Number of protein chains: 2
Amino acid sequence: MNLTVAEENYIKSIYKLQDGNTVVSTNAIAYELATKPASVTDMAKKLKEKKLIDYEKYQGISLTPEGRKIALQIVRRHRLWECFLVDKLSFSWNEVHEIAEELEHVRSEKLITRLSNFLGNPTTDPHGDPIPDAMGRISKSQPLVSLDKATARRLEVAGVSDQSSSLLEFLNAKGIRLGTQLDIIERYEFDNSVEVKIRNQPAFTLSEQVSKNIMVKSL
Amino acid sequence: MNLTVAEENYIKSIYKLQDGNTVVSTNAIAYELATKPASVTDMAKKLKEKKLIDYEKYQGISLTPEGRKIALQIVRRHRLWECFLVDKLSFSWNEVHEIAEELEHVRSEKLITRLSNFLGNPTTDPHGDPIPDAMGRISKSQPLVSLDKATARRLEVAGVSDQSSSLLEFLNAKGIRLGTQLDIIERYEFDNSVEVKIRNQPAFTLSEQVSKNIMVKSL
DNA sequence: AATATTATTTAGACAAATCTAAATAAAATA
DNA sequence: TATTTTATTTAGATTTGTCTAAATAATATT
């Protein structure tokens, strides 16, 4: 199966968004890839043709076993390169994502096998996320943590522990809701506040009080 | 200057073919990139627009100083990755070209700077070819050697030391002439013969007697 | 249930990179 | 020099991945 970079990116996004057995919406993929829903529909037809996704008009998208296998290969490549950048080239964990995003598309079984070996066959990447093995086996991802304790850089809001309407109102005003993706820009130790950013919007700061109550999972 | 992978590959080919100050022909580039002359003409217009090449209809192509600068960056990336693959991942020199061909298009100044450092800032790649430094400075390439002593994998025929017509006739029959590119497939120690391949043609073997008289330079 | 809103798809267009076939220019040869 | 051959360019088409605007389906709201 020879995939283009664009196709690989779609597969990866669908994998990322398809938590458990749910189906992924056109809109969600478009948002994830910073593209338009119409483009997602177009690509969905191609990936269905290649039997990498299940897709019926208006019914959402999900990976086939074959699609999932490929997604895991891409995730494996991405995370191994992140390890390389951090462990061997002394990058810090927040700089590696963009570069790994490119390196992950270099396809060579042998390269990845040897890279993994060279790195000591790590099982988690610098963000703590598990690295699938060569057979695509991956350990279950971490349980939810509150935003103030999260270690990953890119997070998805998975819940709010304080249901007070004032918090929800505040989050709503900031554009934070279930499924919102956040990037951690900086943590300030003096007050445990955290600066976060939602894709394409200016960064803003959340107090410890708030971040304690936002439950997230890393992406 | 943000270039596509295709544009980078054209720049690299032109650099490779443009030895000294000569101008490069449409056909030569098409052959090098295994594409069609018409496609080269199309791309030439784009690269001229971007001021990376000098190009006038029917007059051949040459890099501008800016184009050359970019070419050297690509060559640098390619050769550093080859070092990495051989030195760190234990690839053999004849396996690395294709993979480096992909890795070279990952653009990140910082990545390349750190990779170079990690490798001990090597000045030649595993084939003995010089690696341009961060400023694009490159040491003069090696003088011609006879094919039986060449260490590089991809060679270009630069001359024949024995001018006997029987040799020239033989070479002609094999499709070897000035400027022909050869890939070394294998060397056989028992008789010092060498198996070579011309792009897209089946491999064939040259005796020591013949290879001694073919002067080559590495590409 | 009727209507409004949101999500998704279709239709038609565009840019990049390529191709083939035909036209034209340059070079080689008779 | 005239002619043939080779190299190069143009014209028009194709594929991939994308877009906008309009149409349609699904969902939410009154």
Side-chain angles (χ1 to χ4, degrees), chain A residues 1-14 17-18 22-50 52-62 70 74 101-102 105 107 172 175 177-180 199-200, chain B residues 1-14 17-18 22-62 70 74 101-102 105 107 172 175 177-180 200:
Chain A
M1 182 71 57
N2 232 27
L3 300 180
T4 65
V5 169
E7 288 169 332
E8 284 199 348
N9 281 332
Y10 273 94
I11 293 286
K12 196 172 54 139
S13 290
I14 296 163
L17 295 170
Q18 189 188 343
T22 46
V23 129
V24 183
S25 75
T26 303
N27 259 7
I29 298 167
Y31 178 77
E32 172 74 20
L33 288 172
T35 182
K36 294 293 173 329
S39 308
V40 176
T41 302
D42 291 343
M43 182 59 90
K45 290 172 183 166
K46 289 179 205 161
L47 293 177
K48 184 190 178 173
E49 189 60 36
K50 295 192 173 192
L52 300 178
I53 62 171
D54 289 317
Y55 167 64
E56 294 301 332
K57 267 201 206 179
Y58 298 105
Q59 298 314 126
I61 292 168
S62 63
I70 288 170
I74 303 167
E101 203 84 343
E102 295 198 51
H105 299 296
R107 252 154 313 158
N172 198 46
R177 62 204 77 184
L178 227 68
T180 297
R199 181 190 292 268
N200 294 331
Chain B
M1 181 71 57
N2 232 25
L3 301 180
T4 64
V5 169
E7 287 169 333
E8 284 199 348
N9 282 332
Y10 274 93
I11 294 286
K12 195 172 53 139
S13 290
I14 296 164
L17 295 170
Q18 189 188 343
T22 46
V23 129
V24 183
S25 74
T26 303
N27 259 9
I29 298 167
Y31 179 78
E32 172 73 20
L33 289 172
T35 182
K36 295 292 175 321
S39 308
V40 176
T41 301
D42 291 343
M43 182 60 90
K45 291 173 185 166
K46 290 178 206 163
L47 294 176
K48 184 189 179 175
E49 190 60 35
K50 295 192 173 191
K51 300 191 191 307
L52 300 177
I53 63 171
D54 290 316
Y55 167 64
E56 294 301 332
K57 267 201 205 183
Y58 298 106
Q59 298 315 125
I61 292 168
S62 62
I70 288 170
I74 304 168
E101 203 84 345
E102 295 198 52
H105 299 296
R107 253 153 312 157
N172 197 46
R177 63 204 75 186
L178 227 68
T180 298
N200 294 332

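In what follows, chains are A, B, ... by sequence order, proteins preceding strands, each numbered from 1. These numbers were taken from a predicted model, which means no experiment stands behind them.
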Working to the nearest 0.5 Å, report the span between OG1 of A/T26 and NZ of A/K57. 12.0 Å
Phosphate OP1/OP2 of C/dT18 contacted by B/T35 side-chain N/O (<4.0 Å): no
Considering all heavy atoms, the nearest B/L52-B/M1 contact: CD2-CE, 4.2 Å
For A/K50 and A/N2 the tightest heavy-atom approach is NZ-O, 3.7 Å
Per nearest nucleotide of DNA chain D, the residue lying toward the 5' end, B/V40 or A/T4, is B/V40
Which comes earlier along DNA chain D counting from the 5' end, the contact point of B/S25 or that of A/K36, where each point is its nearest nucleotide? B/S25
What are the two closest non-hydrogen atoms of B/L33 and B/S13, and how far apart are they? CD2-OG, 3.1 Å
Compare every heavy atom of B/V23 with every heavy atom of B/G60, then report the nearest pair and how far apart it is. CA-CG1, 3.4 Å
How long is the line joining CD1 of B/I11 and P of C/dA17, in whole Å? 12 Å
Atom-pair distance (CG on B/L3; P on C/dA16), nearest Å: 13 Å
Let's see if you get this right: which residues in residues 52-61 of chain B place a heavy atom under 4.0 Å from DNA chain D? B/Y55, B/K57, B/Y58
Taking atom C1' of C/dA7 as reference, at what distance in whole Å does atom CG of A/N27 sit? 6 Å
Can you give the first and last nucleotides of DNA chain D, 5' to 3', that have an atom under 4.0 Å from a heavy atom of chain A? D/dT16 to D/dA26
Does A/L3 form a side-chain contact (heavy atoms from CB on, under 4.5 Å) with A/Y10? I'd like the steps, not just the answer. CA-CA 11 Å; A/L3 300 180; A/Y10 273 94; over 6 Å; no
Rounded to the nearest 0.5 Å, what separation is found between the CD1 atom of B/I74 and the CD atom of B/E8? 4.0 Å
Between A/A30 and A/P37, what is the shortest heavy-atom contact and its length? CB-N, 3.6 Å
Exactly one candidate in B/E32, B/E101, B/H105 meets side-chain hydrogen bond (donor to acceptor under 3.5 Å, both in side chains) with B/N9; the answer is B/H105
Using a 4.0 Å heavy-atom cut-off across all strands, classify A/T26 as base, sugar-phosphate, or nothing. sugar-phosphate
Of B/K46 and B/A38, whose closest DNA chain C nucleotide lies nearer the 5' terminus? B/K46
